Amino acid sequence: MTIQSITHGCAQFWRFGYDQMRAVSFAVALVGGIGASRLLPADLPVARYDLVLLFGVALTVLARKVGWDGPRDTAVILGCHVVGLLFELVKVRMGSWSYPEEALSKIGGVPLYGGFLYSAVGSYCCRAWRIMDLSLSRYRPRTMAVLAAAVYLNFFTHHWLPDVRLLLAVLLLAATAGTWAHFTVGRSRYRLPLALAFTLIGFFLWVAENAATYVGAWSYPHQLHGWQPVPLDKFGAWALLISVTFVLVARTRDASHGGGGGAARSGDGPDRSRGTSDRGGHRPAALPTRRRRVLGRGPAEERRGRVSLVGPLRRSSGSAAARPARTTARRTRP
């Protein structure tokens with residue numbers, strides 16, 4: 001390992017962190033606004049939860065105006081808001097957590113701004129997908145959609161039926177086996193197992209949940225008489241729940257590229273991802289473009305060098321760097 005490689009690694013880590021901060025800008029602004037609302041005087045004519053709702057709406061409009069989110073992103077964010085509100089209505093009714101303050105915008109004990117907490121997760125996925133030029137290989141869209149729906153329903157039904165989240169976690173591991181998330185940092189292409197990506201996102205959502213409960217976004221029963229850390233088992237719950245948002249975002253990215261699905265079909269049907277192998281496999285020259293596509297990317301993906309998180313930069317064997325120089329035989333006159 002040389003000084004140059006260490007310097008490059010540190011620079012790439014900085015770029016990755018910077019891109020992640022850009023992706024979570026909506027969530028940071030939302031949680032920051034919730035925290036700032038606690039500093040307001042208690043005798044305001046408008047309830048704090050109502051002010052947070054107005055702030056969330058204004059933040060969504062601003063994100064659309066300044067280009068943080070595109071039209072499809074906004075649709076996903078609104079979808080996450082609705083999915084989140086339904087989730088909140090059931091969980092609050094069952095006593096999982098509560099919103100103790102009064103507000104005009106509360107329905108069934110849930111303030112309408114509660115959906116923005118899930119919208120923030122959707123915003124992160126959409127922005128990270130675009131900023132880091134995310135693509136997927138060997139992704140199984142139908143299987144993932146079924147499992148994501150089962151994960152979502154289990155968070156409701158476990159109050160009356162056996163909790164099967166452990167079984168669902170095993171099934172998600174099986175469904176994401178061999179699925180890679182490809183992303184760009186600077187001028188280099190990297191890849192990460194999708195299951196590991198879910199785990200990392202789940203961990204940071206658990207960290208964010210600690211911050212959100214600390215600033216009073218909501219409270220668990222053990223936090224009603226003073227803030228305490230969120231139990232570590234919520235980390236696993238978030239790692240499962242992120243699959244719901246991810247499936248929604250991946251579906252819109254699939255549709256935005258002609259609905260072809262590329263690698264979105266590769267795991268549920270015939271293997272169409274071999275033409276985009278990161279292992280340097282030879283790609284048949286006559287393979288049609290539409291069969292080479294990876295979800296979210298076109299043929300240009302095939303011409304870029306890619307990096308695994310566990311190895312150096314490697315170019316595919318179809319690249320110019322790996323092809324031997326061609327020699328041209330000269331014709332000589334008799």
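In this text the structure is predicted, and so the values were computed from the model without any measurement. Quick note: residue numbers are just sequence positions, from 1.
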Within a reach of under 6.0 Å around CZ of Phe204, are more than 12 heavy atoms found that belong to other residues, nucleotides or ligands?
-> no
What are the two closest heavy atoms between Arg138 and Thr179, and how far apart are they?
-> O-OG1, 2.7 Å
Throw together a table of side-chain donor-acceptor distances under 3.5 angstrom for residues 6-19, partners on residues two or more places apart or in other chains.
residue, atom, partner, partner atom, Å
Thr7, OG1, Ile3, O, 2.8
Gln12, OE1, Arg15, NH1, 2.3
Gln12, NE2, Val185, O, 2.9
Gln12, NE2, Tyr190, OH, 2.9

Any side-chain heavy atom of Gln223 sitting closer than 4.5 Å to one from Tyr214?
-> no
Would you call Pro193 and Trp180 a side-chain contact if the rule is heavy atoms closer than 4.5 Å?
-> yes
Pairs in or reaching into residues 146-174: which pass salt bridge (Lys or Arg N to Asp or Glu O under 4.0 Å), with residues at least two apart or in two chains?
-> Asp163-Arg165
Note, Leu59 side chain near Phe26 side chain (heavy atom, < 4.5 Å) = yes
Residue pairs fulfilling salt bridge (Lys or Arg N to Asp or Glu O under 4.0 Å) with at least one residue in residues 57-70, sequence neighbours excluded = none
Any side-chain heavy atom of Tyr118 sitting closer than 4.5 Å to one from Leu86?
-> no
Under the 3.5 angstrom rule, does the side chain of Asn210 hit a backbone N or O of Trp206 as a donor-acceptor pair?
-> yes
What donor-acceptor contacts under 3.5 angstrom involve side-chain atoms of residues 224-231, with partners at least two apart or in another chain?
residue, atom, partner, partner atom, Å
Trp227, NE1, Thr213, OG1, 2.9
Gln228, NE2, His222, O, 3.1

Close side-chain approach of Met144 and Leu172, heavy atoms under 4.5 Å = yes
Would you give me the side-chain donor-acceptor pairs under 3.5 Å for residues 237-244, sequence neighbours excluded?
residue, atom, partner, partner atom, Å
Trp238, NE1, Glu209, OE1, 2.9
Ser243, OG, Leu240, O, 2.6

Could you tell me whether the side chain of Thr199 reaches within less than 4.5 Å of the side chain of Phe235, counting heavy atoms only?
-> yes
Output a table of donor-acceptor pairs, distance under 3.5 Å, between side-chain atoms of residues 101-117 and any protein atom two or more places apart or on a different chain; print 'none' if there are none.
residue, atom, partner, partner atom, Å
Glu101, OE1, Arg48, NE, 3.2
Glu101, OE2, Arg48, NE, 3.2
Glu101, OE2, Arg48, NH2, 2.8
Ser105, OG, Asp50, OD1, 2.5
Lys106, NZ, Tyr99, O, 2.7
Lys106, NZ, Glu101, O, 2.8
Tyr113, OH, Ala217, O, 2.4

Flag side-chain contact, heavy atom, 4.5 Å: Phe183 against Trp129 = no
Going by distance alone, is a donor N or O of one side chain under 3.5 Å from an acceptor N or O of the other, for Arg189 and Thr184?
-> yes
Sub-4.5 Å side-chain heavy-atom contact between His159 and Ser96 = yes
Between the side chains of Glu88 and Trp97, does any donor sit under 3.5 Å from an acceptor?
-> yes
